[in-house]
Amino acid sequence: MAGVAFLVFVSLLGLSAVRAEDPYLFFTWNVTYGTISPLGVPQQAILINGQFPGPNINSTTNNNIVINVFNNLDEPFLFTWNGIQQRKNSWQDGMLGTNCPIPPGTNYTYHFQVKDQIGSFFYFPSVGMHRAAGGFGGLRVNSRLLIPVPFDDPADDYTVLIGDWYTKSHKALAGILDAGRSIGNPTGILMNGSPGKNAAGKDDAPLFAMEAGKTYRYRICNVGLKVSLNFRIQNHLMKLVEMDGSHTVQNDYESLDVHVGQCLSVLVTANQEPKDYYMVASTRFTKYMLTATGIVRYAGSNVPPSSELPAGPVGWAWSFNQWRSFRWNLTASAARPNPQGSYHYGSINITRTIKLASSVGLVNGKRRFALNGVSHVETETPLKLAEYYGIADKVFKYDSISDEPPAASATITAAPNVLNATFRDYIEIILENPERSIQSFHLDGYSFFAVGMGHGKWTPASRKTYNLLDAVSRHTIQVYPRSWSAIMLTFDNAGMWSLRSELWERHYLGQQLYISVLSPARSLRDEYSIPDNTLLCGDVTTLPKPPPYV
């Protein structure tokens, strides 16, 4: 019966908001616990169809992706799709502010379109500390054949998921945070689910193969919880071609910093002696050094890699200068044939400036993280549902923070943190980090232009340093210690969208907010109606469904 219901549901979807002529990709995912030992310690992990990491999604611009998720955990569960913009469709975003979680022993079908996007992304579980247990995987969106790509087709396309890893279970980590303590430093680094060596110190089997003279694409994503990583390949240069869904100016790098939540693509040419080579991911900006390796093998090689790993960079200045070298490729097409540079973002008048300062402090004796003095608290009724059903005032208050940070000495308040944004306004957001550690922030539903960074506090004079021509359009941006980062974007995607710390300890303890973007027209032109299969919970469970958009 479940299979029949699923087919009926899919057929109905074909008649709804998404056009039937765009291809469909169907997946069935069984989410379970399983025991893994990536760092030599048996621990409970979240598996998808028995896999860790989860399966890659290989899609093309405008594909409809339909994923039937069976939750066989003992806890409510959600997936979110990091970097997928969910145009007009925050119903599928998979955050607790937009969706009721999937109860244990039940299933839910996500249906979304990777509309007008290309590039490298990933998915992960968004409830609680599930992200610390796995459940993540790569999600690529290829360009349609009729859209030119600014490089020749690679001989193959590889996904490299790097991230820090803890040997404590996600429940134990949540318990530590709930008790008001820090989860501390990670135990190790993983590359595609492994540190690269077994308990005896022997190298794992090669992850990837290359033939001499050919060029390959590597998509590298930092799927971890806390630590920025540097990625490099022994004796090989990497040509950066894409970052968070945008084609970049193609510079060569010996190594690249990848901050939590970010993805980038590089081209690597097999132009060295045919043998094995290490890929290396190592921690950045930490007093300790953790490293993971993976082997790339030239076809026919029986020569092991050199034991001398390429050294990583040192210091913040190196990383900041590398960020300044990243440029948007103004002549390359994006998901459409028009060039990326046809959108002149630097000539648009700013209608609002929002300064968000992070802070940490105690609330009722327990550690919390905040933005502008408010530490976000999840609500039993998802914010989006409360707003759609007309009971927002019962669940949360809009604009509980102002557009300017409070005094540094201000106490932290724990409450739902929701900002109102006017539909289609062009907004500047300043992210200020007064702390000694690096931060990383992500915005769902959008790409933004990362126009500036600087040390100290931002002032209006800082705008003189902005890149208003070819800043990369992306979805996640780092903020260096005691520094600021500035982003610009048009809020033209109606919905309820998560702006969050990608450092999951900080996220779990409140360093996030939601931005409500309402279209005054209440029209299908601007936003899809609530899907028929939407899970209901909290105060909307028994309410009549509002009339659909027209």
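What you are looking at is a predicted structure, and each value in this text was computed from that prediction instead of being measured.
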*Asks:* Determine the sole option in W29, F124, F112 for which the ring pair (Phe, Tyr, Trp, His ring centres under 6.0 Å) test with F79 is passed.
*Replies:* W29
*Asks:* List the steps and the verdict of salt bridge (Lys or Arg N to Asp or Glu O under 4.0 Å) for E242 and R140.
*Replies:* CA-CA 12 Å; E242 177 258 331; R140 68 180 63 162; over 6 Å; no
*Asks:* Are any of the side-chain nitrogens in R284 or D257 under 4.0 Å away from the carboxylate oxygens of its partner?
*Replies:* yes
*Asks:* Do D403 and R352 meet the salt-bridge criterion of a basic N to acidic O distance under 4.0 Å?
*Replies:* yes
*Asks:* Looking at K226 and E502, is there a salt bridge between them, counting it only when a charged N and a carboxylate O are closer than 4.0 Å?
*Replies:* no
*Asks:* Any salt bridge between E505 and R181, counting N to O under 4.0 Å?
*Replies:* no
*Asks:* For the backbone of V114 and the side chain of Q117, can you confirm whether one donor and one acceptor N or O come within less than 3.5 Å of each other?
*Replies:* no
*Asks:* Side chain to side chain contact (heavy atoms under 4.5 Å, CB included) with N72: which of N30, L47, N107?
*Replies:* N30
*Asks:* Does some side-chain heavy atom of V517 sit less than 4.5 Å from a side-chain heavy atom of W497?
*Replies:* yes
*Asks:* Any carboxylate oxygen within less than 4.0 angstrom of a Lys/Arg side-chain nitrogen, looking at E404 and K355?
*Replies:* yes
*Asks:* Taking the six-membered ring for Trp and the full ring for Phe, Tyr or His, determine whether the centres of Y514 and H376 are under 6.0 Å apart.
*Replies:* yes
*Asks:* According to the interplanar angle, ranging from 0 to 90°, do the rings of H475 and F121 count as parallel (below 30°), tilted (30 to 60°) or perpendicular (above 60°)?
*Replies:* tilted
*Asks:* Going by the angle between their ring planes, with limits at 30° and 60°, are Y398 and F396 parallel, tilted or perpendicular?
*Replies:* perpendicular
*Asks:* Using ring centroids (six-membered ring only for Trp), state whether F491 and Y446 fall under 6.0 Å.
*Replies:* yes
*Asks:* Measure from NZ or CZ of R522 to the centre of the six-membered ring of Y549, then state whether that distance is under 6.0 Å and the direction lies within 45° of the axis.
*Replies:* no
*Asks:* With distance as the sole test, does Y426 use its side chain to make a donor-acceptor pair with the main-chain N or O of Y345 at under 3.5 Å?
*Replies:* yes
*Asks:* Does the distance from a Lys or Arg side-chain N to an Asp or Glu carboxylate O, for D178 and K171, drop under 4.0 Å?
*Replies:* no
*Asks:* Backbone N or O of G495 within a donor-acceptor pair of the Q86 side chain at under 3.5 Å?
*Replies:* no
*Asks:* A cation-pi test, strictly: NZ or CZ of K384 under 6.0 Å from the centre of the six-membered ring of W91 and no more than 45 degrees from its axis. Yes or no?
*Replies:* yes
*Asks:* If you apply the rule side-chain hydrogen bond (donor to acceptor under 3.5 Å, both in side chains), what do you find for S447 with Q85, and how did you get there?
*Replies:* CA-CA 8 Å; S447 283; Q85 292 179 16; 3.2 Å; yes
*Asks:* Do H130 and F77 pass the ring pair (Phe, Tyr, Trp, His ring centres under 6.0 Å) test, and can you show the C-alpha distance, the side-chain angles, and the key distance before you say yes or no?
*Replies:* CA-CA 8 Å; H130 283 164; F77 186 83; 5.5 Å; yes
*Asks:* Between D526 and R424, does any side-chain N to carboxylate O distance fall below 4.0 Å?
*Replies:* yes
*Asks:* Can you list the steps and then say if T98 with L383 is a side chain to side chain contact (heavy atoms under 4.5 Å, CB included)?
*Replies:* CA-CA 6 Å; T98 52; L383 308 169; over 6 Å; no
